Amino acid sequence: MVEIELDGKKVEVAEGSMVMHAAEKAGTYIPHFCYHKKLSIAANCRMCLVDVEKAPKPLPACATPVTNGMIVRTHSDKAVKAQQSVMEFLLINHPLDCPICDQGGECQLQDLAVGYGASASRYQEEKRVVFHKDVGPLISMEEMSRCIHCTRCVRFGQEVAGVMELGMIHRGEHSEITTVVGDTVDSEVSGNMIDLCPVGALTSKPFRYSARTWELSRRKSISPHDSTGANLIVQVKNNQVLRVLPLENDGVNECWLADRDRFSYEALNGPERLTAPMIKQGGQWITVDWQTALDYVAKGLQGVKADHGAASIGALVSPHSSVEELYLAGALVRALGSANIDHRLRHAEFAAPQGVRWLGTSIASLSELQRALVVGSNLRKEHPLFALRVRAATRKGAQVSVIHDADDDWAMTIAHKAIVPAASWAQALAGVAAAVAAEKGVAAPVSAQADAAAVAIAKSLLSGERKSILLGNAAAHHAKASSLLALANWIASQTGATVGYLTEAANTVGAQLAGALPGAGGLNAGQMLAGGLKALILLNTEPAFDAARPAAPIGQGGMVVTLSPFKCNTDISDVLLPIAPFTETPGTFVNAEGRVQSFHAVVKPLGEARPAWKVLRVLGNTLGLPGFEFASSQEVLVAVRGAQDANKDFVQGAVLSNATSAAIDLAPAAGRPVSAAIYQLDGIVRRAPSLQSTADARAVASTPAQVAPGVTA
C-alpha cells in the first residue's frame, strides 16, 4: 500500500493506483470527462488536472500514479485555474444548444460548466460544425458538434463490447468520432455508449425529444428477457415508460445493459397491446368485460373436465413470467385435477431434472474464469451481458473453448473450437472426455475417439484454476440434453470445473422452483403441443414463436385461453385475456445464478389489462377452487417459498443442482435444437420497432422460409 496526502487527509491506496483512485477512496470529487472506472485510462480531456507538490505544472489525476508521501491538492488556486482553462477550451466549439438537447439536465459538461466555466467566452471565431451520421435505429449521432473527444464510446467498443465500431479520424479541430467507413453500430450492447457519453453527442434515437430528464419519474425494476436478471431504472412520464437505464449492480449487470433490456420498452406502448378481454364468436373477435370473459373460461374448463376428464386440460407457460404467475398457473391446473403444465417450450428432451438446473456458479465469477468450455451457444447474442464478463476474463488471459455447429463471431479470443453438426455434439463432448481420461490415466465414461480439437480442449481444461463448463440454450433444448449434461459432469469432476446451464429466460430457474413442470403422469410441452388436449391455457406464450413446434389445433368442443399483454394467438385461441407486462405488475424473477429479485409495478396497467397473478387468482375463485385467497403478490410469494427462513433455499427442499444419473447416448440426435434469435426471444422484444430494425433482427428476417418464425436458422 502507498500513503499519500490528499487535500490534507492521509489516504492509503494500492501501489500502481492513480490519484483519481485515491480521491475516490477518500470521497473527494475531481471533475472529469474521459475517465470511467470500467474503461482504460485515456487522459485526453485534461479536466482532472490537480496540483501535485513539486510538480512544475498541474497533472491529470486519472493518469498520475501515486507515490509514497505524495502531496496532492485538488482545490488549490493552481488546480482550479487549470480546470477552468480546460473548461474554456472545451466550450470553444460547443454549440450551446442545451435548450433542445436530450442530455440537458443530466449532462456532465453542463454540470461542470456551472462550477468551472466563465460567464462569457473570449473566443469570437466561428465554431466548427460536424455533420450528423446515421449509425442505425438505436443511437442518434445527429449533434456530433457537441462531442468533446473523450473517446469513452471508442474505448467501450474496443475493450468491453469487443467490437470497435466507432473511432476517431483526422486531427486537431477536424477530429471527429465516426464509424470510419460509414457502417452502422450493430453491437448488441451499443446502447451503453449513450450512457457513457458525458455530453449530448450520442443520444437514444427511440427516446429522442420525448421528455426532459426532470419530467421523468425513476423506478427500479428487473429485466424480463435473458437470465442475467439485469437491474433497471425505468423512467416514466404520464403513466408511460419512456426510457430504461441500468441500475448499477456489480454482482449482476455491473453498469451495463444489453440493447434488448434497454429498448424493448417500445412494445409496452405499441399498437399490439391487448387492452380488453376478447372472445371469439362465429369466427369474429368481440370485446367483453372481465366478468363475462372469466365466466366463459370457467364454464369452458368445467365443461371440458366433465366431458373429457381433467387430464385433457393443460397449460403452457412462459419462463419469462414471474414466479407468482407460474405458481398460480400450476396451482390452477392441479386444482382442476390435471398434471399437465410445462415451461420447457423449446426443448426436444423432457427428462425429469434431479434438481433445479442453474448456472452452477455466480455471474460475477464469470469475469474471473481462467478456463471455460461453452457448448451449444452463441454466447454473444444469447447472453450479451454474460459475454461481456467472459470477454473480460479473456482479456486477463482466460482460455475459452467452444463446441457448436456455427463458427460465430464472439468478439473475443477463442482458444479452441470444435465446429460440428448439432447432431454430433454428444460425440464431440465424449471426445473431450476421452482426451481428459487419456491425460489423467483413468477410464473414460464412454468409448469415443478424441480428435485434435478435443485434445486441445481437454488440455486447456486440465490447466488453470477457475474453470467452468457452460451449456447454452441449444444444449438445453437438444434431443440428447441429458447425455450432454452427463458428459459435462464427468469432465468437470476430472478437471475441477463447475457445470452450469446459461438458462434461456429471465425466470427459467424460477419456473423450476415454482413447479411449472408436469407432475406424475402429466404431459410435457412437446406432448401438449402435439395435440390431444381439449383445453389449453397459454400464459405469456405464442407457440408459433416460443415453442419448438406450433401448437396442434384443438378439436371440436375444446378451448384455448391466451393470457398475454398482446393481441396474439388469434388463429388458435377462443379467449384473449389482457395481462400486465413486467412494468405494470409486481413479481419475482430468479436469475441464472439463483438470485431472487422482486420488483414492483412502475406504471398502472394499460386499459383493462390486469396483473396475471390477479387474473389467475380470480379465475380460481370463479371455478370454486381452494387455495386462491391471495390479497397480494407478496402473499403468493410467501406461499411459494413456504414458512421458512428467507436465507435458505428458495423453496423448501429445492436444490440448485445440475446433477444427472442419465445414461450417455452417443447416437446422432435428430434435428437441430431450436434457439431464439437475439430479438425474437419473447413477445416484448419481438414487438419493439427499433430492435426489429437492427442488423441482427434483419438477418433473422432474411432466413429461408422453411425456418419457423421467431427462431434462428
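Values in this document were obtained by computation on a predicted structure and should not be read as measured data.
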Quick check against the 3.5 Å criterion: does E584 have a side-chain atom that pairs as donor or acceptor with the backbone of L606? yes

Please determine whether a side-chain nitrogen of the Lys or Arg among K567 and E272 lies less than 4.0 Å from a carboxylate oxygen of the Asp or Glu. no

Backbone N/O of S367 and side chain of K396: donor-acceptor pair under 3.5 Å: yes

Between the side chains of N231 and Q597, does any donor sit under 3.5 Å from an acceptor? yes

Scan side-chain atoms only and decide if S573 and T562 contain a donor-acceptor pair under the 3.5 Å cut-off. yes

Establish, from distance only, whether the side-chain atoms of T213 and R218 form a donor-acceptor pair under 3.5 Å. yes

Does this structure show an ion pair linking D226 with R260, if we count only N-O contacts that are shorter than 4.0 Å? yes

Does the side chain of S318 pick up a donor-acceptor pair with the side chain of N540 at under 3.5 Å? no

Is D407 paired with K417 through a side-chain N to carboxylate O contact shorter than 4.0 Å? yes

Taking D405 for its side chain and P421 for its backbone only, find out whether a donor-acceptor pair lies under 3.5 Å. no

State whether E248 and K37 are salt-bridged, where the test is any N-O pair (Lys NZ or Arg NE/NH1/NH2 against Asp/Glu carboxylate O) under 4.0 Å. yes

Does the structure place the NZ or CZ of R686 under 6.0 Å from the centre of the six-membered ring of Y679, at an angle of no more than 45° from the ring's axis? no

L470 CG to H383 NE2 distance, which is reported to the nearest 0.5 Å: 9.5 Å

Any Lys/Arg nitrogen of R243 or E106 sitting under 4.0 Å from an Asp/Glu carboxylate oxygen of the other? yes

Can E143 and R146 be counted as an ion pair, charged N to O under 4.0 angstrom? yes

Can you check whether A411's main-chain N or O pairs, donor with acceptor, with R391's side chain at less than 3.5 Å? yes

Between the side chains of E176 and K133, is the shortest nitrogen-to-carboxylate-oxygen separation below 4.0 Å, so that they form an ion pair? yes

Using side-chain contact (heavy atoms from CB on, under 4.5 Å) as the criterion, point out the one residue from L232, V602, T583 that pairs with R219. V602

Hey, is the main chain of V189 close enough, under 3.5 Å, to the side chain of N192 for a donor-acceptor pair? yes

For E382 and S377, which I'm curious about, is there any donor-acceptor pair between the side chains at under 3.5 Å? yes

Can we call the ring centroids of F589 and F599 under 6.0 Å apart? yes

Exercise answer: donor-acceptor pairs, residues 150-160 side-chain atoms, under 3.5 Å, sequence neighbours excluded:
| from | atom 1 | to | atom 2 | distance (Å) |
| --- | --- | --- | --- | --- |
| T151 | OG1 | N44 | ND2 | 3.2 |
| T151 | OG1 | R155 | NE | 3.2 |
| R152 | NE | F33 | O | 2.7 |
| R152 | NH1 | Q108 | OE1 | 3.3 |
| R152 | NH1 | L196 | O | 2.8 |
| R152 | NH2 | F33 | O | 2.9 |
| R152 | NH2 | Y35 | O | 2.8 |
| R155 | NE | T151 | O | 3.3 |
| R155 | NH1 | C34 | O | 3.3 |
| R155 | NH1 | S40 | O | 2.5 |
| R155 | NH2 | C34 | O | 2.7 |
| R155 | NH2 | C150 | O | 2.9 |
| E159 | OE1 | S40 | N | 2.9 |
| E159 | OE1 | S40 | OG | 3.4 |
| E159 | OE2 | S40 | OG | 2.4 |

Would you mind checking if R380 and E188 are paired as a salt bridge, meaning a charged N to carboxylate O distance below 4.0 Å? yes

Looking only at atom types and distance, does a side-chain atom of H343 sit under 3.5 Å from a main-chain N or O of A516, one as donor and one as acceptor? yes

What I want to check is whether the side chains of D186 and T184 have a donor and an acceptor closer together than 3.5 Å. yes

side-chain hydrogen bond (donor to acceptor under 3.5 Å, both in side chains) for D102 and S204? Distances and angles first, verdict last. CA-CA 8 Å; D102 272 346; S204 169; over 6 Å; no

Approximate separation, where rounding is to 0.5 Å, of L366 CG and E593 CD: 9.0 Å

Among T228, V509, V252, I222, find the residue that satisfies the side-chain contact (heavy atoms from CB on, under 4.5 Å) test when tested with R595. V252

Checking D409, D408, D696 against K381 for side chain to side chain donor-acceptor pair (under 3.5 Å), the one that qualifies is D696

Measure the spacing between CG of D261 and NE2 of H225 and express it to the nearest 0.5 Å. 5.5 Å

Is H320 reaching over with its side chain to a backbone N or O of A505, donor-acceptor style, under 3.5 angstrom? no

Would E504 and R346 count as a side-chain contact (heavy atoms from CB on, under 4.5 Å) here? Give the steps. CA-CA 10 Å; E504 181 182 46; R346 294 188 175 101; 2.8 Å; yes

Straight-line distance of I233 CD1 to L247 CG, nearest 0.5 Å: 4.5 Å

First locate atom CD1 of I678, then atom OG1 of T694, and finally report the distance between them rounded to the nearest 0.5 Å. 7.5 Å

Would you find a donor on one side and an acceptor on the other, under 3.5 Å apart, between the side chain of T541 and the backbone of L538? no

When rounded to the nearest 0.5 Å, the distance separating OG1 of T503 from CG of N473 is 7.5 Å

If you count the non-hydrogen atoms of other residues, nucleotides and ligands that lie under 6.0 Å from OH in Y209, is the total more than 12? yes

